[in-house]
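Heads up: numbering here begins at 1 and tracks the sequence.
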Amino acid sequence: MDATTSGTGTIQFCNIPEQPITATLVTSPRSSFVRQVRHCAGDWVPGEFPLAANPSIVLHVLTACNLDPQDLAKLEVTCSFFRQPANFAPDYDLSIAELAASDMCQQRAIFKIMTDEQKEDLKQRCGGSWKLVLRYLLAGEACYRREKSQAIAGPGHSIAVTSSGAAYSFGSNSSGQLGHGPTPGGLTADEYRPRLIRSLQGIRIIQATSGAGRSMLISDTGKVYAFGKDSFGEAEYGVQGSRIVNTPQLVESLKDIFVVQAAIGNFFTAVLSREGRVYTFSWGSDGILGHQTEPNDVQPRPLLGALENIPVVQIAAGYCYLLALACQPSGMSVYSVGCGLGGKLGHGSRTDEKFPRLIEQFQTLNLQPMVVAAGAWHAAVVGKDGRVCTWGWGRYGCLGHGNEDSESVPKVVEALSNVKAIHVATGDYTTFVVSDSGDVYSFGCGESSSLGHNNGADGQGNRHTNILRPELVTSLRQVKERVVQISLTNSIFWNAHTFALTESNKLYAFGAGDKGQLGVKLGENQIERGNPEPVDVDLSR
């Protein structure tokens with residue numbers, strides 16, 4: 001690392017003018033020797049270590065030098081550069097890099113509110129290093145839009161969350177899954193335009209998920225609110241779950257768990273705690289998911305097995321299986337559990353797994369997973385280098401390999417070799433990929449116009465055609481904005497619709513819209529919309 005000294009005694013590292021580091025330089029004639037007093041570990045006194053007041057400057061240095069802030073390198077600097085008083089007692093147990101990582105952790109909203117004991121527990125769970133805790137927190141933020149606007153394209157209904165945490169819902173309300181309470185006559189009327197869930201005013205929502213006839217919202221305090229079918233945790237057609245909840249209700253069984261993400265499959269519900277622990281509700285009569293309980297036990301239980309002591313940063317639920325993106329000292333990894341039909345667990349077989357099992361293929365591919373997505377019957381991962389892998393049931397070309405073959409281990413989508421992906425979304429035999437430039441590619445089942453391809457001269461050309469290889473969604477280029485998130489229906493019971501969220505918080509929708517799930521009432525005899533159209537909801541508020 002180079003340092004330059006100006007005539008005013010200002011030392012700048014890696015050309016960072018906004019945060020100069022000032023120091024008094026000791027100079028002397030060559031004929032005399034002046035002993036410099038060093039303030040090294042064990043010699044200084046409180047108030048003589050200015051870096052402690054703003055250790056994040058170390059990360060600025062590392063970033064400016066093109067080093068990865070998530071893999072903080074050991075920083076060696078001379079103590080004489082940091083002589084100005086900071087009025088802060090030094091931590092003799094931390095290196096400068098560890099101190100910087102600890103400071104950056106303190107800036108994350110989810111970390112600030114933890115007690116000292118909880119912070120220390122998280123540190124030990126992550127491997128005993130603040131650098132690893134920082135990597136864990138940053139990885140979680142990169143996987144899903146926590147504390148940012150988002151849109152969820154559920155089965156027949158939709159949820160939109162604004163930047164300030166207000167929640168809107170629209171579409172089918174057959175089971176009260178919109179959360180607007182009872183309507184006159186006790187009916188559950190569908191909504192054709194986004195409507196604010198008023199009972200949640202004063203509660204900041206930071207994450208949402210949906211399933212067939214049900215919805216779940218998570219607040220910034222880790223509380224979970226559920227509404228719709230009262231069947232969070234048992235089979236879709238089980239004897240339980242006949243009660244309809246049409247107003248968001250706090251899930252009491254989760255009140256002692258600080259939840260940051262939820263995922264709803266067809267036979268189960270899973271939640272992720274801020275400490276990286278996965279909890280599941282009963283898997284139903286088809287099997288037991290990682291804990292020895294009865295099928296009708298709907299209390300959340302920790303997912304046992306390989307992930308008991310490994311922090312998870314993201315979960316993704318398919319029809320009958322669960323994926324978990326884990327953060328380990330050696331790097332990121334993916335575990336799967338559940339039904340292996342079609343090879344969707346990624347282990348090279350179609351065997352069911354009742355406990356989480358590491359997908360080893362990513363090590364073979366030398367791919368560091370960063371985002372994971374679980375479709376109904378297939379799955380996808382985006383690597384740190386921008387490569388996309390898919391596996392599972394390849395019907396309709398949803399794997400993007402140019403055929404309809406199934407793949408029982410993750411396979412790189414070669415057609416995207418010239419694209420650096422940052423986001424992937426999967427649904428019922430459909431896949432979307434977002435590149436770092438904001439371009440969107442889709443492939444798989446073209447039913448309901450949910451892939452966004454309208455290249456025919458009449459605008460109808462191939463909107464229902466199945467796409468076997470990734471194709472650029474040119475209709476989204478016409479919005480003239482970078483797309484940052486795609487959400488699409490992940491259910492075999494409903495025709496699909498798709499949301500595209502831009503960096504300016506504009507929301508566009510296309511696909512099936514017969515119940516109002518696009519945020520607009522379609523014309524007579526019209527059940528879908530082929531071109532992306534803006535949804536009338538302000539997500540920037």
Between CG on residue Leu254 and OG on residue Ser273, distance to nearest 0.5 Å:
10.5 Å
Just by modelled atom types, is the Glu447 backbone N or O under 3.5 Å from a matching donor or acceptor in the Ser450 side chain?
yes
Would you say Arg387's side chain and Leu365's backbone share a donor-acceptor pair under 3.5 angstrom?
yes
So, for Asp352 and Gly340, which heavy atoms are closest and what is the spacing to 0.1 Å?
OD1-N, 2.9 Å
Kindly say whether Ala374 contributes a backbone atom to a donor-acceptor pair with the side chain of Asn490 at under 3.5 angstrom?
yes
Would you tell me whether Ser475 and Asn531 have side-chain atoms, one donor and one acceptor, within less than 3.5 Å of each other?
no
Treating Arg125 as the side-chain partner and Ile310 as the backbone partner, does any N or O pair qualify as donor plus acceptor under 3.5 Å?
yes
Residues Leu488 and Ala425: closest non-hydrogen pair is CD2-CB, 3.3 Å
Check against side chain to side chain contact (heavy atoms under 4.5 Å, CB included), Tyr321 and Leu345:
CA-CA 8 Å; Tyr321 70 106; Leu345 295 186; 3.8 Å; yes
Can you give me the closest heavy-atom contact between Phe111 and Val133, atom names plus distance?
CE1-CG1, 4.1 Å
Test your reading of the model: is there a side-chain donor-acceptor pair from Tyr136 to the backbone of Gly276, 3.5 Å cut-off?
yes
Could you verify whether a donor N or O on one side chain and an acceptor N or O on the other, from Gln124 and Lys119, lie under 3.5 Å apart?
no
Between Val484 and Thr502, is the side chain to side chain contact (heavy atoms under 4.5 Å, CB included) condition met? List the steps.
CA-CA 5 Å; Val484 295; Thr502 70; 5.9 Å; no
Check the side chains of Ser330 and Gln328 for a donor-acceptor pair under 3.5 angstrom, ignoring hydrogens and angles.
no
Residue pairs passing the salt bridge (Lys or Arg N to Asp or Glu O under 4.0 Å) test where at least one lies in residues 408-417, sequence neighbours excluded
Glu407-Lys411
Non-neighbouring partners of Arg350 that pass salt bridge (charged side-chain N to carboxylate O under 4.0 Å, His left out), sequence neighbours left out:
none
With a 3.5 Å distance limit and no angle check, can you tell me whether Gln150 reaches the backbone of Ile152 through a side-chain donor-acceptor pair?
no
So do Leu217 and Ile197 actually touch side chain to side chain, heavy atoms under 4.5 Å?
yes
The reported gap from OG in Ser102 to CG in Leu134 (rounded to nearest 0.5 angstrom) is 9.5 Å
Under 4.5 Å between any side-chain heavy atoms of Leu472 and Arg477, yes or no?
yes
Taking the side chain as C-beta and beyond, is there a heavy-atom pair between Leu451 and Phe432 under 4.5 Å?
yes
Step by step, work out the side chain to side chain contact (heavy atoms under 4.5 Å, CB included) result for Val424 and Val381.
CA-CA 7 Å; Val424 65; Val381 153; over 6 Å; no
With a cut-off of 3.5 Å and sequence neighbours excluded, list every side-chain donor-acceptor pair involving residues 389-406.
residue : atom : partner : partner atom : Å
Thr390  : OG1  : Leu399  : O            : 2.7
Thr390  : OG1  : His401  : NE2          : 2.9
Trp391  : NE1  : Lys344  : O            : 2.8
Asn403  : OD1  : Asp405  : N            : 3.1
Glu404  : OE1  : Tyr396  : N            : 2.9

Verdict with reasoning, Val412 to Val388, per side chain to side chain contact (heavy atoms under 4.5 Å, CB included)
CA-CA 6 Å; Val412 175; Val388 176; over 6 Å; no
Atom CD1 of Ile527 with >12 non-hydrogen neighbours under 6.0 angstrom
no
Is a donor on one side and an acceptor on the other found under 3.5 Å between the side chain of Thr426 and the backbone of Gly375?
yes
Atom CD1 of Ile486 and atom CG of Leu501: how far apart are they, to the nearest 0.5 Å?
9.0 Å
Could you grab the distance from atom OH of Tyr441 to atom OG of Ser435, nearest 0.5 Å is fine?
5.5 Å
Going by an N to O cut-off under 4.0 Å, is there a salt bridge joining Lys506 and Glu481?
yes
For His453, does its backbone N or O pair with a side-chain atom of Glu471 as donor and acceptor, under 3.5 Å?
no
Axial cation check for Phe258 ring with Arg274, 6.0 Å and 45° limits
yes
Contact check, side chains of Glu308 and Pro302, non-hydrogen atoms, under 4.5 Å:
no
Can you name the nearest heavy-atom pair linking Pro532 to Tyr508, along with the distance?
CB-CB, 4.1 Å
For Leu476, which of Val440, Val434, Asp439 qualifies under side chain to side chain contact (heavy atoms under 4.5 Å, CB included)?
Val440
Listing request: all side-chain hydrogen bond (donor to acceptor under 3.5 Å, both in side chains) pairs with a residue in residues 357-383, at least two apart in sequence or in separate chains.
Glu353-Arg357, His378-Thr431
Scanning both residues in full, the closest heavy-atom pair of Ala421 with Val382 reads O-CG1, 3.4 Å
Main-chain N/O of Ser172 paired to Gln177 side chain as donor or acceptor, under 3.5 Å:
yes
Using 0.5 Å steps for rounding, measure from the CD atom of Gln261 to the CE atom of Met216.
11.5 Å
Do you know the tightest heavy-atom contact between Val271 and Ala262?
CG1-CB, 4.0 Å
Separation of Leu132 CG from Leu122 CG (nearest 0.5 Å):
10.5 Å
Salt bridge (Lys or Arg N to Asp or Glu O under 4.0 Å) contacts in which one or both residues fall within residues 104-114, not counting sequence neighbours
Arg108-Glu141
Taking everything shown except Lys123 itself, do over 12 heavy atoms lie less than 6.0 Å from its NZ?
yes
Using atom types as modelled, flag every donor-acceptor pair under 3.5 Å from a side chain in residues 153-171 to any protein atom, sequence neighbours excluded.
residue : atom : partner : partner atom : Å
His157  : NE2  : Arg214  : O            : 3.4
His157  : NE2  : Ser215  : OG           : 2.9
Ser158  : OG   : His497  : NE2          : 2.9
Ser158  : OG   : Gln517  : O            : 2.7
Thr162  : OG1  : Ser164  : N            : 3.4
Thr162  : OG1  : Ser164  : OG           : 3.1
Thr162  : OG1  : Gly165  : N            : 3.4
Thr162  : OG1  : Ala166  : N            : 3.0
Thr162  : OG1  : Arg541  : O            : 3.1
Ser163  : OG   : Leu539  : O            : 3.1
Ser164  : OG   : Arg541  : O            : 2.8
Tyr168  : OH   : Arg541  : NH2          : 2.2
Ser169  : OG   : Leu178  : O            : 2.6
Ser169  : OG   : His180  : NE2          : 2.8

With heavy-atom distances below 4.5 Å as the criterion, would you say the side chains of Leu322 and Phe268 are in contact?
yes
Using atom types as modelled and distance alone, determine if a side-chain donor or acceptor of Gln107 lies under 3.5 Å from a backbone N or O of Met104.
no
